[in-house]
Structures are given as C-alpha cells and as structure tokens.
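Reviewing the structure listed below.
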Amino acid sequence: MSTRPLRAFLLLAFLSTVASAASVPEPGPAAAPAPPAVAPAPRRTVLLLGDSLIATGFGEYLQNQLAAHPRIRCERRAKSSTGLARPDFFDWLEVGQQEVQQHQPDVVVVILGGNDGQALHTRQGRATVAWGKPDWEGEYRQRIQDFVTAISAPGRKIIWLELPATSRHRFEQKLTLIRGLQREVISAREDAVHLETRPFFTDARGKALKQARVEGFRKPMRLRMTDGVHFTVAGGRYFANKVYPEVLGVLGLESGEQHTARPAAAPAEEALQALAPVAPAAP
C-alpha cells in the first residue's frame, strides 16, 4: 500500500492542529472590577415663610439662589400685609403647619412681624389686647412660641430673620419692641437661629443704609423704595446675598456653582404694600 495518502492525511491533521492553537488568544491580565456605583447625596429642602418681604424681590431671589444649588430644593409661601396679630385675616399658625407637613423641610426661613404693631385679634376677629397695653407683650410672645412650635420637628432648623432696620422713626419704635420679643423667644430654642440683620442695613454711625454695592450692578444702588421699608430690586438681591450663605451654613453645605438666576422685578402693587397694620380680608 502506498504511503502517500497516509502522509498527506498526517500533514493535513498537523496543519489543522497548528491553526487551531494559533486561533486561541493568550490569556491577558484580569480586568479590574468596576467600582460600586455611588448614590447621589440627598437634596435638602428649605422652606421660606413670610410677609411681603418674602412675597417680592428678596424672597424670589433667595429662592432662586437656593434652588440653583445642586443639593437644595426650595419652596416659598408668602402673603403680604400679614403677621401674627391678625389670624382672622391670615392664620400663619395653620398655614405654617400645612406647609411643613407638605414639604417636610430641613430648614425653615421666617421673616414676620412688620405688620404686628397693632391690637392682637383672635381667629374669630375679636380684639383681645390693644397695642401698647401691658398684656400685649406677653400675648405676642406666646404667639411667637406657638408658631415656632407648630413649624418645628426633630432634626429641623429654623432661621428667624430679624426685621431689617428702616428709616421710618415712628415705625422703628414699634419694630424695636417686636424685634426684642422675637429675639428673646428664638434665642432660647436649640433648634432655631436668630439672624441679626442690622449690620446689613446700617452704616458705621448706626443710621439706615440708603445704598450699597450689589452684585450685578456697576455702581452703588438704592436699597429701599420710597416708603423706606420695602426693597428695590437691587435691595432684595443685596439682602438675599447676605442671607444665602447663612442658610448654607445651617445646612452644612458649601456654595455651589456660580448662580446666574435673577428674579423678575416685583409687581408694583406688591412692592408698594407697606408693612402697616393689616386689614381683615374682604368677605
């Protein structure tokens, strides 16, 4: 028998084995395991509550600044010409409870009291204590305590903003008493911070600051409207720029990226509402 077919068969088998071995890749270094996914840090919620100062430019700009931070969600509830004196007109005790229940904030920022230099009323509209009477301070102090208790919760912080200094002498006499009672109540609580704003709005001689340099403006800008109480658009931005880092500090957060959000100018009818005694709502 010829050996040629056998040799040919053996040669083909050898070549097939070599080709198969060449097609198998050499083992490389083991791939490093993928790092575990890191869950994003939870966002913190800030709730702004207050009267016309929160309703207009200051409150709007502060909300925009806070909401632009990657770690913050900000909500706002405001009502002009309101306070703690007239729950028959607007009941902040009830509204405050509703807002914190809905939003479950980590921090609540409050500014109220500019409208409270008047007789205190019940929810039914009955006057209980006239302004200037000896019992007024005690009852107003209790209203502050009740309101702060209503919006508080374990782990929640409250930042109470001192009513800014104005240029109206008679109005300041009322505000001095109201500021003092608010400071007394808030400073006694471990879950609350009383933020003094007087340094923001007075000059070296203690007089009301009329203008200041404000981010976004080339020259010093007027801070107040003609009523001497409410802020101009620049004044609202100026105040918000002062309060914003204080809120971050309470939250334990650093400033986020440079914020460019700007509020629209407040409607004239809102901005001109004076912090005078409130009137009951129309039936």
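Remark: the R76 side chain and the Q63 side chain contain an N/O donor-acceptor pair separated by less than 3.5 Å. H69 and Q65 share no side-chain donor-acceptor pair at under 3.5 Å. Side-chain polar atoms of Q142 and D146 form a donor-acceptor pair below 3.5 angstrom.
Counting heavy atoms from C-beta on, the side chains of R156 and Q104 come closer than 4.5 Å. Taking 4.5 Å as the limit, some side-chain heavy atom of E137 sits within range of a side-chain heavy atom of L177. Using a 4.5 Å cut-off on side-chain heavy atoms (C-beta onward), K174 and W131 make contact. When side chains are defined from C-beta on, L62 counts as touching L48, because their heavy atoms get closer than 4.5 Å. Using a 4.5 Å heavy-atom cutoff, the side chains of E162 and L195 are not in contact. Using a 4.5 Å heavy-atom threshold, the side chains of M225 and F231 count as separate. The closest side-chain heavy-atom distance from I111 to P164 is below 4.5 Å. At least one side-chain heavy atom of V100 sits under 4.5 Å from a side-chain heavy atom of P105.
For the atom pair CZ (F171) and OG1 (T176), the distance works out to 10.5 Å, reported to the nearest 0.5 Å. Atom CZ of R86 and atom CG of D91 lie 12.5 Å apart (nearest 0.5 Å). The distance from atom OG of S167 to atom CG of L209, rounded to the nearest 0.5 Å, is 11.0 Å. Annotation: the span from C74 atom SG to H103 atom NE2 amounts to 10.0 Å, rounded to 0.5 Å. Interatomic distance, CZ of R213 versus CD of E215, reported as 13.5 Å (0.5 Å rounding). W160 contributes atom CH2, which lies 15.0 Å from atom CD of E196 (distance to the nearest 0.5 angstrom).
Remark: the backbone N or O of I72 is paired with a side-chain donor or acceptor of R43 at under 3.5 angstrom. Checked by atom type and distance alone, the side chain of D51 never pairs as donor or acceptor with a backbone atom of K79 at under 3.5 Å. D116 contributes a side-chain N or O that, together with a main-chain N or O of A85, makes up a donor-acceptor pair within less than 3.5 Å. For R222 (side chain) and R224 (main-chain N/O), a donor-acceptor pair under 3.5 Å exists by modelled atom type.
Closest heavy-atom contact between A165 and T202: CB-CG2, 3.9 Å. Contact between G96 and L49 at its shortest, heavy atoms only, is CA-CD1, 4.5 Å. The nearest pair of heavy atoms linking I186 to A192 is CG2-CB, 3.6 Å. Taking every heavy atom of both residues into account, L112 and L84 meet most closely at CD1-CD2, 4.3 Å. In plain terms, the two heavy atoms of P42 and R71 that are nearest each other are O-NE, 3.2 Å. Closest approach of G125 to H121, counting heavy atoms only: O-CD2, 3.2 Å.
Under a 4.0 Å N-O distance rule, the pair D88/R123 does not qualify as a salt bridge. Ion pairing of D135 with K133 is absent here, as no side-chain N (NZ or NE/NH1/NH2) approaches a carboxylate O to less than 4.0 Å. Between R179 and E172, at least one side-chain N (NZ, or NE/NH1/NH2) sits under 4.0 Å from a carboxylate O, which counts as a salt bridge. Note on R143 versus E139: salt bridge recorded, some NZ/NE/NH1/NH2 to OD/OE distance being below 4.0 Å. In this structure, R73 pairs ionically with E75, as a charged nitrogen and a carboxylate oxygen lie closer than 4.0 Å. Using a cutoff of 4.0 Å between basic side-chain nitrogens and carboxylate oxygens, E184 and R141 are scored as salt-bridged.
Tracing side-chain contacts under 4.5 Å through hydrophobic residues (I, L, V, M, F, W, Y), one reaches Y244 starting from L47; they form part of the same cluster.
The aromatic rings of W92 and F90 lie perpendicular to each other, with more than 60° between the two planes, well past the 30° mark.
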I'd like to know whether F58 forms a side chain to side chain contact (heavy atoms under 4.5 Å, CB included) with L161, so could you lay out the CA-CA distance, the side-chain angles of the two residues, the decisive distance to 0.1 Å, and finally the verdict. CA-CA 12 Å; F58 161 65; L161 304 182; 3.7 Å; yes
Start with the C-alpha distance between M221 and T232, add both sets of side-chain angles, then the distance that settles side chain to side chain contact (heavy atoms under 4.5 Å, CB included), and finish with yes or no. CA-CA 9 Å; M221 298 297 295; T232 61; 5.9 Å; no
Under the criterion side chain to side chain contact (heavy atoms under 4.5 Å, CB included), I'd like the reasoning laid out for V110 against I151: C-alpha separation, chi angles, the key distance, then a yes or no. CA-CA 10 Å; V110 180; I151 63 173; 4.0 Å; yes
Intermediate values then yes/no, side chain to side chain contact (heavy atoms under 4.5 Å, CB included), T149 and R189: CA-CA 10 Å; T149 299; R189 297 182 63 100; 3.5 Å; yes
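In this structure, the ring of F239 has its center no less than 6.0 angstrom from the ring center of Y61. Separation of the Y238 and F217 ring centroids does not fall under the 6.0 Å cut-off.
Open room surrounds CZ on R198; 12 or fewer heavy atoms of other groups in view lie less than 6.0 Å from it.
Partner L66 forms a side-chain contact (heavy atoms from CB on, under 4.5 Å) with one of V247, T45, V109 and no other, that one being V247.
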